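By convention in this document, chain letters (A, B, ...) are assigned in the order of the sequence lines, proteins followed by strands, and residues within each chain are numbered from 1. Keep in mind that what you see is a predicted model, and the values were worked out from it rather than measured.
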Amino acid sequence: MSDTYEPRTVETAAQDFWKRTHAFEVREDASKPKFYCLSMLPYPSGALHMGHVRNYTIGDVISRFQRMQGRNVLQPMGWDAFGLPAENAAIKHNTAPAKWTRSNIEHMRGQFARMGFAYDWSREFATCDPDYYVHEQRMFVRLFEKGLAYRKNSVVNWDPVDQTVLANEQVIDGRGWRTGALVEKREIPQWFLKITDYAQELLDGLDTLPGWPDAVKTMQRNWIGRSEGLEIRFDVADSDVSLTVFTTRPDTLMGATYVAVAAEHPLAMQAAKDNAKLAEFIETCRQGGTSEAELETQEKRGMDTGLEVVHPLTGETLPIWVANFVLMGYGTGAVMAVPGHDERDHEFAQQYGLPIKMVVVDAGVVDALRELQHDLAAGVGADPLRNALRGTHTDAYDANTAVRVVESFEHRVLNEAAFTEYGTLVNSGDFDGLDFQGAFDAIAAKLEADGRGARKVNWRLRDWGVSRQRYWGCPIPIVYCPTCDAVPVPEDQLPVVLPEDVAFTGVKSPIKADPEWRKTTCPKCGGPAERETDTFDTFMESSWYYARYTSPGAATQVDGRADYWLPVDQYIGGIEHAILHLLYFRFYHKLLRDAGLVTSDEPATRLLCQGMVVADTFYREQDDGSRHWFNPAEVAVQRDEKGHVTGAVLAADGRPVRIGGTEKMSKSKNNGVDPQVMIDKYGADTVRLFSMFAAPPEQSLEWNEAGVEGMARFLRRFWREVATHVAQPDHPEVDPAALDGAQKDLRRQLHETIRKVGDDYGRRQSFNTAIAALMELLNHVGKFGDMSDQGRAVRHEVLQTMVLLLNPITPHTSHALWQLLGHAETLIEDQPWPAVDEDALKRDAVTLAVQVNGKLRGTVEVAVDAPREDIERLAQDLPGVQAFTEGKTVRKVIVVPGKIVNIVVG
RNA sequence: GCCGAAGUGGCGGAACUGGUAGACGCGACGGACUCAAAAUCCGUUUCUGGAAACAGAGUGGGGGUUCGAUUCCCCCCUUCGGCACCA
């Protein structure tokens, strides 16, 4: 073993040992507590990137730490192999998606091993393996039979030039990314899973997950969006049809001045039949993409249909408008508009000159009304606003003030902005004077009695559309028969295998282009039929992979082994998955449970969402105004003597480049740092150490090579310290009773560090502070020059313990140093975690901060058990304190034991 | 537009339950070693004033609660993540 740190040698040796001994392959073992640590499975894009390094290092640190805590740790890895990038690569490089994907997996598996991740590779799979997706197809058939999978029309982004469906990310500023054509909305039949049947359970389940970040739970709650309201039927005037709207604000019903329907709403279509202008408008509503962000930010446009509805309370007629912000797919495709009390309706009404009514006022207005109308003591009268404004008053001054309050409020609502808060009803006939809940109940009761309305719980959450018009995905196991309609493929005919040896040159799916592949016979009637050529959303595969890892080789989706391992004890992945993936993941777990395959209600008990990896960006403006981005590796940053950044130049030509800020590593900004280069240069442990040290896990991490060098320096110093120590003569055991002051101090710091590191790895998941504590300890042991017997003994205890404490983060280095310290080659994860010696933590004296009026004026060293009076006296006697208390009265002295003394003077 | 985060020295960050703001690392500066460089080691490093002692200011901005606020409350600004077909 060398005296200097050689990462490559050390890492190869440790990795060989782990591989040779199958160190991380695990089985169910009832004698040990289990720990299932799972990192989100990667898309095999071709090369390890820094986001992977970070995600998987966090998972590996937790896994190794938990194993050192005596748990039976499962940490698996696999590949989210279906998806759009393989199709794009196929077009670009003229290679089949399957071949491209599988060769990427080969390469990345090697990179993962080079990082030293402690995976049980015996459980590996790729989601594009028919052995994997056959179970997904079976589950879908089961859901179809249960009525949880169904088909309906829904809208997609349509590129009219390529004649293809586009993903939202392929729509840029309303145009197709490849063709530049204006994207249109098009309705096509698609398959859906009834996640809304589970909406309440998905909402309630969040309360059973204390180990999930509050931000994620809040986002999921808002996404599910439970709201209680009223469904109200409006009859269309001079006709026998009606339309239904849902509102959470029935208290504002008297302020409804129009209703708005989606462009695809049957009433709109009907009105457009003999109205060419309206038909044209509806046509323009088809333009643009389908994403919510785009719909919500587009200019709000509408047109009168000429049709009218009857207000269910007043009998007045209200116009029906078509509006581009109302969508057929969401809710009923129609909304009642209350411009006085809804921002969007207000904006729309002002734009088109539609009437605005004020029917809710705030407490200040109510007070003013009371003043104006003495007979309102028992509540607000029939038309209090109008009555009040023309009423007679005895006190002219008060009346004027009150009138001004009412008028200015009304002016604001009618002309400036909607009043959207809850308040008291006015201008609402019988409902005047009621508050939100009173008005809700009264109006609901009235409409229910009239058969025009019903209370309803509405969900923002929509059913999960799982159809994709793409080739590289799991085929949907359905056959279309002219007589039997949609028929699921029988179990014994599954899997429906996706052909992999295909030419993928254009935009069209090869299985859609191939007339032979789809030909089949109907499983029901035996007649000629056609297969579904859509494939599943790739979220389908990533929604249940965690369960499959527990049951490798099982003939069913999972088997009894799942009961041992599930739920996942620690799940780790990017915050960008906070809603979609994590909601589908929870939903699918409930589907597995209801199919009798798992017994828990939630798939994962603890969740860690790590931040992004970011880096500086550099560019030069091109002649055409576009930007050419340079990789940080090609650029030299210039600084002044104080360290301020003054500029940057391209290393190749020495000419300046512009600094574009710190952004998420991406191809488009060319600011990605290749982990492979870093591993080759510094070793995996240094890369792991930096990615855990540079930022807390949930924050974004800025890659900075100088920082990486600092980590390499730390590991070299640690190595040297151990090597120097083992060259010393043998030492006796530590005898706590025989230690002098400095030896005691070092030993106390060691045990404080053991306590902190364990807490930071386990409870806090604050790895950066754990590393900082270990660095501090190394700084101290480096200055500890005591070569006596007990000095060497304490140093040995410190260094050997540090090897164990660092092992989760830098396992290769620890593996080597453990041997350097005289142990046989072994798996450090099987060593017990160091125990804190409570006696070593004891102190005799503590330092208290002394403040005068909250400002620090000195410190005082006192015995741990010093009485309060002594502390107060010592603090007040400090010269630095007296300078500020002299000539003033001490009003109060606050003593927080072990922390602070605050002397309040005045 | 809606939902969720974040903002602290030149930089990344620490301060865990309201109690000494800036731990740890990077960078910068000074020094030692060296023929020299690299590496390594030692020291300084929030800002302003001051030779120093020391004083004042300071955690995105504005207000509030408290003996005491990076931490709690209200308003605002900026940046980032998600918005259902990127994964």
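- Rounded to an integer number of Å, the gap from A:Leu580 CG to B:G81 P is 16 Å.
- Using a 4.0 Å heavy-atom criterion, one finds that A:Thr297 contacts the bases of the nucleic acid, with or without backbone contacts as well.
- When only modelled atom types and interatomic distance are considered, A:Thr179 and A:Asp159 share a side-chain donor-acceptor pair under 3.5 Å.
- A donor-acceptor pair is defined here as one N or O able to donate and one able to accept, closer than 3.5 Å; no such pair exists between the side chain of A:Asn458 and the backbone of A:Gly225.
- B:A23 atom P lies 13 Å from atom NE2 of A:His780, rounded to whole Å.
- Side-chain N/O atoms of A:Asn768 include none lying less than 4.0 angstrom from OP1 or OP2 on B:G25.
- A distance-only check finds a donor-acceptor pair linking the side chain of A:Asn853 to the backbone of A:Val905 [under 3.5 Å].
- With A:His52 contributing its side chain and A:His49 its backbone, the two residues share a donor-acceptor pair below 3.5 Å.
- Contacts of A:Ala694 with the nucleic acid, taken as non-hydrogen atoms under 4.0 Å apart, involve only primed sugar atoms and P, OP1 or OP2.
- Checking B:C85 for Watson-Crick or G-U wobble geometry (two distances, each under 3.5 Å) identifies no partner in any strand.
- For NZ of A:Lys152, the number of neighbouring non-hydrogen atoms (other residues, nucleotides, ligands) closer than 6.0 Å is greater than 12.
- Counting any heavy atom pair closer than 4.0 Å across all strands shown, A:Leu461 reaches a base atom.
- OP1 and OP2 of B:A14 both lie 4.0 Å or more from every side-chain N or O belonging to A:Thr769.
- Checking B:A14 for Watson-Crick or G-U wobble geometry (two distances, each under 3.5 Å) identifies no partner in any strand.
- The pairing partner recorded for B:A55 is B:U48, the criterion being a Watson-Crick or G-U wobble arrangement whose two distances lie under 3.5 angstrom.
- Taking atom C1' in both B:G25 and B:G19, the straight-line distance is 27 Å, to the nearest Å.
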### From CA spacing to verdict: side chain to side chain contact (heavy atoms under 4.5 Å, CB included), A:Gln749, A:Leu777
CA-CA 7 Å; A:Gln749 201 185 354; A:Leu777 185 58; 4.2 Å; yes

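- Rounded to whole Å, atom C1' of B:G81 lies 16 Å from atom CD of A:Glu169.
- As rounded to whole Å, 11 Å separates atom P of B:A87 from atom CG of A:Asn168.
- Using a 4.0 Å heavy-atom cutoff across all strands shown, A:Gly880 reaches no nucleic acid atom at all.
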### Task
Could you go through the side chain to side chain contact (heavy atoms under 4.5 Å, CB included) check for A:Cys474 and A:Phe82 one step at a time?
CA-CA 8 Å; A:Cys474 169; A:Phe82 280 133; 3.9 Å; yes

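- Rounded to whole Å, the P atom of B:A32 lies 14 Å from the corresponding atom of B:A38.
- Within 4.0 Å of A:Phe82, counting heavy atoms only, lies no atom of the nucleic acid at all.
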### B/S/- contact track for nucleotides 65-77 of chain B, protein heavy atom under 4.0 Å
--BS---------

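- The phosphate of B:C85 (OP1 or OP2) has a side-chain N or O of A:Arg468 nearer than 4.0 angstrom.
- Considering A:Asp759, A:Thr753, A:Asp760 as possible partners of A:Lys756, the one that fulfils the side-chain hydrogen bond (donor to acceptor under 3.5 Å, both in side chains) test is A:Asp760.
- Protein atom CE of A:Met711 is 11 Å distant from nucleotide atom C1' of B:G13, rounded to whole Å.
- Between the side chain of A:Arg54 and the main chain of A:Pro697, a donor-acceptor pair closer than 3.5 Å is present.
- Proximity of a side-chain donor or acceptor of A:Trp472 to a complementary backbone N or O of A:Pro85 within less than 3.5 Å is not detected.
- Taking every side-chain heavy atom of A:Leu84 into account, B:C86 is the closest of B:U20, B:C24, B:C86.
- Taking a 6.0 Å sphere around CG of A:Asp173, one finds it holds 12 or fewer heavy atoms contributed by other residues, nucleotides or ligands.
- Residue-level contact check: A:Tyr43 touches the backbone only, with heavy atoms under 4.0 Å from sugar-phosphate atoms and none from bases.
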### Message
At under 4.0 Å between heavy atoms, how does the protein contact nucleotides 38-44 of chain B? Give one character per nucleotide, 5' to 3', with B, S or -.
### Response
--SS---

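- Distances shorter than 4.0 Å separate none of the side-chain N or O atoms of A:Arg462 from OP1 or OP2 on B:C85.
- B:G43 is paired with B:C29 under the criterion used here, namely a Watson-Crick or G-U wobble arrangement in which both key atom distances are under 3.5 Å.
- Taking the C1' atom of each, B:G81 and B:C86 are spaced 14 Å apart, rounded to whole Å.
- Taking atom C1' on both B:A37 and B:G61, the two are 49 Å apart, rounded to the nearest angstrom.
- Each of A:Val165 and A:Ser766 was assigned the nucleotide of RNA chain B with the nearest heavy atom; the assignment lying further toward the 5' end belongs to A:Ser766.
- To the nearest angstrom, P of B:C24 lies 16 Å from CG of A:Leu689.
- For CD of A:Gln163, the number of neighbouring non-hydrogen atoms (other residues, nucleotides, ligands) closer than 6.0 Å is greater than 12.
- A:Phe690 comes within contact range of no nucleotide atom at all, as no heavy-atom separation falls under 4.0 Å.
- Note on A:Val893: nothing from the nucleic acid sits closer than 4.0 angstrom, heavy atoms only.
- Here A:Asn779 lies in heavy-atom contact (under 4.0 Å) with sugar-phosphate atoms only.
- Counting any heavy atom pair closer than 4.0 Å across all strands shown, A:His581 reaches no nucleic acid atom.
- B:C80 and B:G4 make up a base pair, with Watson-Crick or G-U wobble contacts both under 3.5 Å.
- Two residues, A:Pro696 and A:Gly707, neighbour RNA chain B, and the one matched to the more 5' nucleotide by heavy-atom proximity is A:Pro696.
- Out of B:G27, B:G25, B:U20, the shortest distance to the side chain of A:Ala849 is found at B:U20.
- Distance CZ (A:Arg764) to C1' (B:A15): 9 Å, rounded to an integer number of Å.
- Anti is the conformation of B:G25, whose glycosidic angle sits further than 90° from 0.
- In this structure a side-chain-to-backbone donor-acceptor pair under 3.5 Å is missing from A:Glu343 to A:Thr420.
- Near RNA chain B, meaning a heavy atom under 4.0 Å from it, residues 213-225 of chain A has A:Ala215, A:Thr218, A:Met219, A:Asn222, A:Trp223 in order of number.
- Judged by atom type and distance alone, A:Gln469 reaches the base of B:C85 through a side-chain donor-acceptor pair under 3.5 Å.
- Here the separation of B:G13 from B:C83, taken at their C1' atoms, is 31 Å to the nearest Å.
- Judged by atom type and distance alone, A:Gln190 reaches the base of B:C85 through a side-chain donor-acceptor pair under 3.5 Å.
- A:Gln351 places a side-chain N or O within 3.5 Å of a backbone atom of A:Lys300 that can act as its donor or acceptor partner.
- For A:Asn704, no side-chain nitrogen or oxygen approaches OP1 or OP2 of B:C11 to under 4.0 Å.
- With hydrogens and angles disregarded, a donor-acceptor distance shorter than 3.5 Å links the side chain of A:Ser691 to the backbone of A:Arg688.
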### Task
Would you please test A:Arg151 and A:Glu532 for salt bridge (charged side-chain N to carboxylate O under 4.0 Å, His left out) and show each step?
CA-CA 12 Å; A:Arg151 198 161 57 131; A:Glu532 170 70 85; 5.6 Å; no

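- A straight line from OH of A:Tyr584 to P of B:G82 spans 15 Å, rounded to a whole angstrom.
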